[in-house]
Amino acid sequence: MAKEYNFREIEKKWHRLWTERQTYKVTEDWSRRKYYVLNMFPYPSGAGLHVGHPLGYIASDIYARYKRLQGFNVLNPMGYDAYGLPAEQYAIKTGQHPEKTTFANIDRYRQQLDKIGFCFDWDREVRTCSPDYYKWTQWAFQKMFNSYFDEELQKAQPIEKFIDKFKQEGKWPDSEQEQSDLLMQHRLAFLGETMVNWCPGLGTVLANDEVVEGVSVRGGYPVEQKKMRQWCLRVSAYSQRLLDGLDTIDWSESIKETQRNWIGRSEGTEVEIPYTLSPSGEPEGAFTIFTTRADTMFGVTFFVLAPESELVDKVTTPEQRQAVDEYIKYVKSRTERERMIDHTVTGVFSGAYGINPITGDHCPIYIAEYVLAGYGTGAIMAVPAHDSRDYAFARHFGLPIIPLVEGADVSEESYDAKEGIVMNSPVSPDKSVEYDGERLCLNGLTIKQAIAETKRFVQAHGLGHIKVNYRLRDAIFSRQRYWGEPFPVYYKHGIPTMIPEQCLPIELPQVEKFLPTETGEPPLGNAKVWAWDEQNRRVVDCSAIDNKTVFPIELYTMPGFAGSSAYYLRYMDPHNNEALVSPEAAAYWQNVDLYVGGSEHATGHLIYSRFWNKFLFDLGVSKTDEPFKKLVNQGMIQGRSNFVYRIKETNTFVSLGLKDQYDVTPIHVDVNIVKNDILDLEAFKAWSPEYATADFILEDGKYVCGWAIEKMSKSMYNVVNPDMIVENYGADTLRLYEMFLGPVEQSKPWDTNGIDGCFRFLKKLWALFWDKDGNLAATDNEPSPESLKTLHKLIKKVTADIESFSYNTSISAFMVAVNELTQQKCTSRTVLGELPVLIAPFAPHIAEELWEALGNTGSVCDAKWPQFDEKYLVETSIKLGVQFNGKVRFDMLFPADATPEQMVSLATSAPEAAKYLEGMQIVKTIAIPGRIVNIVVKPQA
RNA sequence: GCCCAGAUGGUGGAAUUGGUAGACACGAGGGACUUAAAAUCCCUUGGCCAGUGAUGGCCGUACGGGUUCGAUUCCCGUUCCGGGCACCA
């Protein structure tokens with residue numbers, strides 16, 4: 001009897017041995033080079049894992065195992081992003097403490113993950129909700145509070161340095177309140193009165209990346225703008241560094257582009273515009289506009305202020321007061337969402353006029369909602385001829401339009417392109433105001449030249465200056481929730497004060513209800529023990545608050561991205577109670593070499609994390625400026641749904657091929673009772689009582705289901721649980737198949753149908769090692785040249801493919817190699833002995849078993865990755881092509897060391913070639929080394 | 001509107017980056033073994049045409065052009081799908 005591939009026993013055995021032997025435990029070892037592989041840690045949801053979740057983990061596990069076989073000391077940790085909204089909402093509904101459900105979910109995740117055979121070092125597990133962990137989240141927050149961003153050094157500095165500077169300049173205020181207010185404007189973590197995304201449905205504020213098209217990403221509740229006092233992180237200070245850093249890291253172009261868009265750098269010019277309250281009066285003040293099209297200053301026909309701008313009040317004349325007030329009222333009545341969707345032109349004349357410093361013209365100042373208060377200066381110069389928004393506005397209000405580009409037709413629409421030759425700038429020499437004997441003239445220049453020239457002119461004559469704007473906003477860092485990190489902050493007479501560093505962590509207090517209080521305070525308002533005793537340095541009961549030595553503690557908690565921003569540093573040294581990470585561990589592990597996760601975090605976690613790391617880098621805690629050297633975004637695994645077709649108003653189901661003959665309703669059917677699109681009729685009847693008495697119209701005795709690619713979700717009945725695959729095929733087959741499905745970075749549908757191919761492959765690989773009696777087949781025989789060639793071809797291909805994350809093609813190469821070796825009846829230990837090592841990254845369990853069967857001790861993980869030898873790979877058969885009126889091709893042999901020139905000469909003198917070349921003139925010969933010789937001929941004249 | 005990435009058999013996907021398109025796998029069809037099923041093994045499988053046959057010819061990588069001896073690959077234009085940004089001046 002041949003030996004059976006008993007994956008269940010093998011996998012159970014090696015899971016036990018890995019744990020016993022601590023195979024995956026990692027320590028800092030300066031004698032070996034490090035490699036840090038990281039997955040974006042999961043939020044442990046109640047639904048457990050589906051086959052899409054482990055995709056990235058498998059991809060990174062393969063790479064981690066490969067790097068280890070190459071001799072690297074590999075860190076590959078795993079943990080949980082444990083704070084989150086679902087657990088809290090479940091708590092509100094059931095009264096169950098979120099910690100309880102979170103821990104239960106974590107246990108379930110762990111069980112599922114363990115089945116797949118990852119090489120995680122679980123001793124380094126972190127959970128963001130654990131006090132040992134969030135101590136350092138709180139610590140980093142306090143460090144940000146005590147830092148400011150030095151524009152000249154372009155890095156964070158201690159806030160004391162800022163205070164000293166102010167004291168030296170004699171500007172340091174006396175009152176504590178004033179000092180606090182001044183510093184707040186510069187701290188990297190600060191309390192700010194800002195417009196926030198308030199989500200009444202969730203009862204909390206949200207960050208910009210948590211809001212899409214005016215509704216919350218989680219739950220889809222409407223979001224409105226509201227002014228609130230919130231903790232913020234001054235992410236915007238790092239805009240330029242965040243942008244520059246992108247050029248130094250190995251991320252996909254698309255995700256870098258997404259971040260560039262999000263940072264939104266735009267270089268422009270700020271220009272001072274004096275204004276008057278009458279059409280021709282003397283200046284009464286000035287405001288500043290921002291433009292990226294300084295070249296269009298001769299085409300300005302009006303100015304526009306954002307309705308929220310503080311200038312609105314100053315420029316409104318008594319005659320226009322009522323109209324302006326009504327307009328402001330109207331704008332306030334509109335939600336952010338309405339403003340985003342509805343772009344109808346609205347606005348009102350303020351009564352005032354701005355004076356264009358270049359032309360001297362008086363142009364009316366309007367107030368309109370299409371100008372945003374939060375960007376630039378909240379004021380613009382309008383050039384209707386060359387900006388589509390200004391154009392729409394000018395048309396609506398009957399304002400003049402002056403074209404400035406030769407050949408541009410602005411009778412129907414504006415000409416926005418930055419290409420062309422400038423004209424009408426000025427229309428006549430006297431329309432350009434003279435400064436220090438110089439008048440600006442742009443006529444005849446290209447637009448790009450004109451922009452540069454105007455910038456120069458404006459700066460030279462003090463009319464304005466060059467200014468870089470970023471769209472990146474400061475991150476709002478507080479949430480009105482329970483299940484998050486508490487702020488280590490108390491309020492001393494209204495002034496936010498940090499709890500001493502030595503007292504951290506401040507642990508999340510117990511509450512009876514997880515909802516906001518009746519007075520509208522956040523859930524932490526329900527906590528009884530939530531006051532800070534300054535003298536005894538501890539958290540005490542709220543009843544002790546006397547505002548002398550006992551003060552109230554902050555009721556907000558931190559947002560989801562707080563805990564996930566520096567977790568990669570904590571994995572380096574997870575049990576250290578003295579520091580986030582010891583300098584030694586940080587120096588050894590540096591940063592993440594390979595980071596694997598979804599691209600949906602492009603404008604959230606991946607920005608915050610880079611910001612957080614840059615801050616810690618400035619502090620000297622992190623050793624590198626960028627946290628993640630290489631980023632791989634695994635694609636989404638979509639579901640493949642199956643359908644049955646019920647004839648309307650009956651309980652009869654008709655097979656796919658016949659459904660067009662009836663009036664049918666497609667119904668989702670559980671993919672787990674369908675195989676190769678054939679429905680298991682009995683399982684279908686048992687699936688739901690409704691179908692117990694169903695009738696079927698079959699094709700060839702089978703019920704064929706329809707299918708469609710949709711999101712993998714419960715409601716589509718297309719969720720495939722990895723546990724089931726492991727049970728039926730084993731973890732190695734699951735791992736192989738997930739990778740065989742297609743490139744890691746690509747989204748692709750899960751289709752269990754194909755899995756048999758991978759299962760068969762493992763069975764064939766297994767069969768290579770055993771004779772018909774079940775004994776080890778490997779012998780000490782000399783390997784045949786063919787088997788050596790097969791082996792070395794495989795080593796070369798697999799090595800190159802793993803390096804480039806082309807796991808699907810390396811598995812294909814394996815399939816070919818195993819088929820070849822089977823045909824060659826290869827039993828040589830020299831060849832077979834390398835196979836377990838080569839397959840180990842992909843299918844570690846079978847690899848260990850075979851490795852052991854060959855008489856090796858220890859783990860295959862500590863084996864050495866085989867090197868290929870080019871001498872076994874030399875191609876001797878090279879194709880010759882002769883071209884004449886179409887293609888004639890045939891194979892011919894060349895010596896292995898032939899140069900291209902020799903190949904050409906040999907080819908043209910070969911007897912096979914001679915018959916094609918007879919009567920022909922050789923026009924051209926092309927030789928590609930190791931490939932092909934192409935001879936182009938034409939008939940001799 | 002702007003930016004990025006794509007489009008290859010019935011299906012998932014290969015193609016050493018300019019060198020025999022469709023590797024590998026699934027599915028399908030045919031066959032062997034078997035009382036039968038499962039498992040396993042062998043053959044065929046992009047389309048069209050010719051031939052009893054070995055085989056040969058033509059067409060084919062979204063569409064239309066171009067460069068080249070040679071294009072899935074490079075360039076220009078078009079269509080479609082996906083992703084990001086979006087009254088950002």
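Both backbone and side-chain heavy atoms feed into the values below; hydrogens, waters and symmetry mates do not. Here is the naming used below: chain letters follow the sequence lines, and residue numbers restart at 1 for every chain.
Using a 4.0 Å heavy-atom criterion, one finds that A:R640 contacts no nucleic acid atom at all. Here A:L741 lies in heavy-atom contact (under 4.0 Å) with sugar-phosphate atoms only. Within 4.0 Å of A:R760, counting heavy atoms only, lie sugar-phosphate atoms of the nucleic acid but no base atom. Across all strands shown, A:K763 has heavy atoms under 4.0 Å from sugar-phosphate atoms exclusively, and none from any base. Nucleic acid contact class of A:N753 (heavy atoms, under 4.0 Å, all strands): sugar-phosphate only. Counting non-hydrogen atoms under 4.0 angstrom, A:P743 reaches the backbone sugars and phosphates but no base. Here A:K764 lies in heavy-atom contact (under 4.0 Å) with sugar-phosphate atoms only. Among the protein residues, A:V383 comes within range of no part of the nucleic acid, since none of its heavy atoms lies under 4.0 Å from any strand.
When the P atom is compared between B:U72 and B:U8, the two are found 15 Å apart, to the nearest whole Å.
Shown here for A:I451 and A:A294, the closest heavy-atom pair between the two residues is O-CB, 4.4 Å. Nearest heavy atoms, A:T377 versus A:F290: OG1-N, 3.7 Å.
Stems are defined here as 3 or more consecutive Watson-Crick or G-U wobble pairs with pairing distances under 3.5 Å; those involving RNA chain B are B:1-4 with B:82-85, B:10-12 with B:24-26, B:27-32 with B:40-45, B:46-50 with B:55-59, B:62-66 with B:74-78.
A donor-acceptor contact closer than 3.5 angstrom is absent between the side chains of A:S414 and A:D387.
For A:V371, the side-chain atoms get nearest to B:A89 when compared with the rest of B:A14, B:G12, B:A89. Distances from the side chain of A:S254 to the nucleotides B:C4, B:G84, B:A89 place B:C4 closest.
The aromatic rings of A:W770 and A:W766 lie tilted to each other, with the angle between the two planes from 30° to 60°. Using bins of under 30°, 30° to 60° and over 60° for the plane-to-plane angle, the ring pair A:Y370/A:F393 lands in the tilted bin.
Ion pairing between A:R260 and A:E253 holds under the 4.0 Å rule for side-chain N and carboxylate O.
Residue A:G742 is the one, among A:G742 and A:A379, whose nearest nucleotide of RNA chain B lies closer to the 5' end (criterion: closest heavy atom). Mapped onto RNA chain B by nearest heavy atom, A:M815 and A:T292 fall at different nucleotides, with A:M815 at the one closer to the 5' end.
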